[in-house]
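For reference, the structure discussed in these notes is given below.
As the structure is a computational prediction, the values presented were derived from the model and not from experiment. Along the sequence shown, residues are numbered consecutively beginning with 1.
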Amino acid sequence: FRFLFEQRTVVGRQHRPGRESDSAECCGCGSGAAMPGNGDRPNEGDKEEMAAATATDVPRSPHTVREGHHVVLKRNDVFKAVQVHRRRKIIFEKQWFYLDNAIGHKYGTTFEVAAGGALQTLKAKSEEIEELNEAGVDNRNIIDDGKSQKLSRDDIEALKDQGLKGQVIVKHLIENSTTFRDKTGFAQEKYISKKKKKYEAFITILKPTTRIMAMMYHCREPSKICHLRYDTLAQMLAFGNIHAGCKIIVAETCAGLVLGSVMERLGGYGSVIHMYPGSMPIRAAMENFGFPNSFYDHLHDFPINQLNSLLSGSFSAENETSQNQTKVVSGEGNRSPLSTQRGDGVPCAEPMMDITQAGETEAKDVACEETENKDQNADRKSNVFERRSKQEDRLKKLQAAAAVLQERNADGLIIASRLYPSPLLLSLLEFVAPSRPFVVYCQYKEPLLTCYADLRERGGVINLRLSETWLRGYQVLPNRTHPKLTMSGGGGYILTGITVAMDRGKSVASIPGPQEFEESQAKRQKVEESIS
């Protein structure tokens, strides 16, 4: 908008009433210059303004691929997340190529891998293989003995070395197949599609999204994300009421996939507190989203092992800073320079030498050791300062995260961790405001049953619901629409609920009142009368 506004102001300054150049521009015959013979020229200031307007940096479109962007490569149903760099060799599905030619193109563009690893855009739809009218009635007489294809592996590799495209190779395979014409029409289409997937090197570049990242990790490395399926993740985001401007607590060990999904929903507005086990958070999946730096300003990290101290009120970041600094200093003091590691004399294992030669070698060794010690001491000092500065920054962020948690007004809670969920859930619910949703994911049902019983005993929650997600894919083709033969066995279980204000004075256990006993006795009397 700023670029358009500057351009309109420049044109407005040139279009002054009573000048012939205005009529020329309005008719589309010029670009601000006077018509020949009128003797009117634009001023130098107008030229500078026009140059500034044309040289104004137009904001780069977020829908185009740029160097340094995180993208997702797709080939058939296989995905891979990479970062775009020039002259970096990418190996994907036994195919190597470079992403240089993809820079500047829009996301969703499909490329073909040419000779030398260069990417070429598909300007027009590739020509389809001519349909063969000859087809068999059934496949009962076809024997799969591996001898129906006349081309050997070496012949196919020779065709690849000649630089032939995948479509041409598929045609050669069809022509040299002795059983292709005996197959039914459906079997022929299946054969062609299978060979196309194998020999046609078409790669599509996609922008990372929650759905694409969840599908990629679930297909390639499901154990890293606790076997979290993409439909389960969508239900978690929906039940958690994730929206821009809210404060969410996320405790997950899914390589940062759930955290990245929440940050994508927030869109840079709101705050996220990431609860992580261990000493450092592991979130490789979140980095593959390629969020701008402004998104990380609202991200806070807090270790799970400090929750008890935060709840009891004994948490102090200053004590941890002093402890960490003493650890660093003690670790440095134990290290000795190279001059103290060697003795002044010659080692006993070495053969005897002349006195003069030994003195010369000792002097050279001492000089070399002194220079090495000076360089290493300087490097150590710089490393010490870097470590201390990093520790100070980290502990400042830790203190800020603790301050955010101590407000106890989080708008939601999401847990998807390998840790046992019940104690973690009961501890983190203390930081969630009343009338807010929470979601707990687990691959197995038994831990969530324990959570369900503990929450019923504790109180302070309503609308508890334990559900299992189920998904089945369908093949949709003419006269062949049916469920897919291969499907996911299970998508895990999710426990959802809503927090409410809890009266601490009352007992947690639900004890039946006298009215319930009276109702039960009255019901018994009615039953006895009906029986009699």
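With a 4.5 Å cut-off on side-chain heavy atoms, R458 and D454 do not count as touching. The side-chain heavy atoms of C226 and T253, taken from C-beta on, include a pair separated by under 4.5 Å. A heavy-atom distance below 4.5 Å is not found between the side chains of I205 and T109. Put simply, the side chain of L173 reaches to within 4.5 Å of the side chain of I156, judged on heavy atoms. Between L455 and F438, the closest side-chain pair of non-hydrogen atoms falls below 4.5 Å. Residues L471 and S488 have side chains not in contact (no heavy-atom distance under 4.5 Å, counting atoms from C-beta outward). L448 is listed as a side-chain neighbour of C442, based on a closest heavy-atom distance under 4.5 Å. Proximity of C246 to L266: side-chain heavy atoms (C-beta onward) are separated by under 4.5 Å at one or more points.
Listed by first then second residue, pairs satisfying ring-ring contact (aromatic ring centres under 6.0 Å, His included) with a partner in residues 276-306 read F289-F291, F291-F295, F302-F315, not counting sequence neighbours.
Closest heavy-atom contact between H218 and P222: O-CB, 3.6 Å. Considering every non-hydrogen atom in both M215 and F79, the closest pair reads CE-CE1, 4.2 Å. For R472 against P483, the heavy-atom pair with the smallest separation is CD-CB, 3.6 Å. In terms of heavy atoms, V461 sits closest to V500 at N-CG2, 3.8 Å.
When the options T64, V72, T204, V71 are evaluated for a side-chain contact (heavy atoms from CB on, under 4.5 Å) with Y107, the one that passes is V71.
By the 4.0 Å N-to-carboxylate-O rule, K207 lies too far from E264 to be salt-bridged with it. Salt bridge status for D411 with K247: absent, with no side-chain N to carboxylate O gap under 4.0 Å. Ionic pairing of R86 and E67 is present here: one or more N-O contacts between side-chain nitrogen and carboxylate oxygen are shorter than 4.0 angstrom.
With sequence neighbours left out, H85 forms a ring-ring contact (aromatic ring centres under 6.0 Å, His included) with no residue at all. Judged as a salt bridge (charged side-chain N to carboxylate O under 4.0 Å, His left out), and not counting sequence neighbours, R265 has no contacts.
A distance of 9.0 Å separates CG of N101 from OG1 of T121, quoted to the nearest 0.5 Å. Remark: I212 CD1 to Y230 OH distance equals 12.5 Å, nearest 0.5 Å.
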Check step by step if side-chain contact (heavy atoms from CB on, under 4.5 Å) holds for L159 and Y199. CA-CA 11 Å; L159 293 176; Y199 294 105; over 6 Å; no

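Within 6.0 Å of CZ in R418 there are more than 12 heavy atoms belonging to other residues, nucleotides or ligands.
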